[in-house]
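Written below as structure tokens is the structure these notes are about.
It should be emphasised that the depicted structure is a prediction, and the values quoted were computed from it without experimental measurement.
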Amino acid sequence: MKRWLQTGATLLFGAGLGASVSRLPSIRRRQEEEEGADLLSRIPVLPVPTVQASELTMSPGGSAVVMKYGFPSLANIKTRESYITSYDPRTRTASWVIERLNPTSLNGPSDRKYCDFKEDDSVHEFHRATNADYRGSGFDRGHLAAAANHKWSQKAMADTFYLSNVAPQNPHLNQKTWNNLEKLCRSLTKRYLNVYVCTGPLYLPRQEADGKLYVRYQVIGQNHVAVPTHFFKVLILEQTDGRGVELRSYVLPNEPIDERVPLERFLVPIEMIERASGLLFVPNIMKRTSSLQAITNR
């Protein structure tokens with residue numbers, strides 16, 4: 001039997017059977033390595049971005065200090081140069097955006113003429129808004145974190161032009177009353193140590209002819225970007241004397257508003273925003289202060 005095996009092997013592999021058999025494992029390994037190398041050559045390799053030392057230092061409006069008063073929710077969190085956002089892939093807009101304002105963050109050499117609205121490539125293309133969605137829609141690309149809040153850094157300002165920081169906004173509202181509210185937020189930095197601003201969309205129910213409540217909102221573009229029925233801003237104001245914080249909560253309808261109507265008319269109890277948005281602010285704030293005063297009529 002042994003002789004037959006040797007004879008058969010000689011017929012199959014030739015005379016140097018012993019040496020050939022001993023080399024088979026190494027041959028297989030070399031073939032596997034070559035196949036692996038060929039496979040890797042077909043897989044696109046993405047470059048790893050380098051991190052500059054300056055990016056690791058604390059910045060005036062940096063995201064490291066933005067979340068002092070906690071996260072209103074924990075879904076799809078994204079960190080930018082000077083704000084933090086929670087993105088809602090269903091609506092193609094953010095659920096909320098938080099930024100910290102103070103005199104340092106409001107001043108600097110940045111210029112919005114160097115900024116362009118851009119897709120957020122960190123969002124899957126199925127759930128991403130594009131500039132084409134807004135084109136011809138009749139709506140502005142309304143900032144949630146305002147560009148003028150981040151003059152301290154050109155990159156910080158440019159980050160506010162991601163479409164994930166934008167929602168379809170009535171042009172008159174965007175350019176008039178909403179702009180006035182953003183200016184108010186900046187002016188408050190003269191009276192308070194820090195001004196934390198949380199902004200987001202709302203989709204509120206309305207009673208229709210049949211007496212029932214419905215949540216209805218328009219969508220725009222091929223990607224069906226949701227048009228909010230309202231917008232909110234929650235301001236957390238740190239008092240300079242360290243006595244605690246004040247809270248102001250605004251809700252504005254996404255429609256033209258007469259500029260003669262004072263902004264105080266749109267102050268609402270924070271509970272209304274918490275119930276309507278599914279977010280929570282007060283429990284987190286109370287973990288960081290023993291004194292909270294909510295302002296709803298000033």
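- Counting heavy-atom neighbours within 6.0 Å of Tyr214 OH, excluding the residue itself, gives a total above 12.
- Using a 4.0 Å cut-off between charged side-chain N and carboxylate O, Asp120 and Arg92 make no salt bridge.
- Phe161 and His143 have perpendicular rings, their planes meeting at more than 60° on a 0 to 90° scale where under 30° would count as parallel.
- The side-chain heavy atoms of Val234 and Ile273, taken from C-beta on, include a pair separated by under 4.5 Å.
- Looking at Glu271 and Arg275, a side-chain N of the basic residue comes within less than 4.0 Å of a carboxylate O on the acidic one, giving a salt bridge.
- Counting all heavy atoms, side chain and backbone alike, Ala129 lies closest to Leu163 at O-CD1, 3.5 Å.
- Contacts of Leu74 classified as side-chain contact (heavy atoms from CB on, under 4.5 Å), with partners at least two apart in sequence or in another chain: Phe71.
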Given side-chain hydrogen bond (donor to acceptor under 3.5 Å, both in side chains), test Lys78 with Ser122 step by step and report yes or no. CA-CA 9 Å; Lys78 296 182 181 295; Ser122 71; 3.1 Å; yes
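- By the 6.0 Å contact criterion, CD on Gln175 is enclosed, its count of non-hydrogen atoms from other residues, nucleotides or ligands being greater than 12.
- For Pro228 against Ala167, the heavy-atom pair with the smallest separation is CG-CB, 4.2 Å.
- In terms of modelled atom types and a separation under 3.5 Å, the side chain of Asn254 and the main chain of Pro168 share a donor-acceptor contact.
- Applying the 6.0 Å contact sphere to CD of Glu208 captures more than 12 heavy atoms from other residues, nucleotides or ligands.
- Between the side chain of Glu81 and the backbone N or O of Met157, no donor-acceptor pair lies under 3.5 Å.
- A pairwise comparison of heavy atoms in Leu263 and Tyr250 identifies O-CE2, 3.5 Å as the closest pair.
- Relative to the ring axis of Tyr162, Lys118 places its NZ or CZ within 45° and under 6.0 Å from the centre.
- More than 12 heavy atoms of other shown residues, nucleotides or ligands fall within 6.0 angstrom of atom NZ in Lys233.
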